[in-house]
Amino acid sequence: MSEDSYCLTDPAEPPKADGPPYAECVLCRKPTEYPESYKGITLCPVCEWQEAQRTACSG
């Protein structure tokens, strides 16, 4: 199976922050592990895990 066969999202993750300030989670607004300067969708570890569970393949 090729790498780009089914995935429509970019698998690249934002860089982890070395320290504060942290970006807010776009769902619950809690601090994430990503730097505040990162532009894009950032999720806290809890929301990131829940989103992965929600979107996981079930086949």
With sequence neighbours excluded, tell me which residues meet salt bridge (Lys or Arg N to Asp or Glu O under 4.0 Å) with E24. R29
Hey, what do you get for CD (E51) to CG (L27), rounding to the nearest 0.5 Å? 7.0 Å
Those residues at least two apart in sequence (or on a different chain) that pass side-chain hydrogen bond (donor to acceptor under 3.5 Å, both in side chains) with E36 are none
Looking at every non-hydrogen atom in both residues, tell me the closest pair between C28 and C44 and how far apart they are. SG-SG, 3.6 Å
Can you check side-chain contact (heavy atoms from CB on, under 4.5 Å) on L43 and V26, steps first, answer last? CA-CA 6 Å; L43 299 173; V26 296; 3.6 Å; yes
Do you know the tightest heavy-atom contact between E33 and Y22? C-CD2, 4.3 Å
Suppose the criterion is salt bridge (Lys or Arg N to Asp or Glu O under 4.0 Å): which pairs have a residue in residues 37-47, not counting sequence neighbours? none
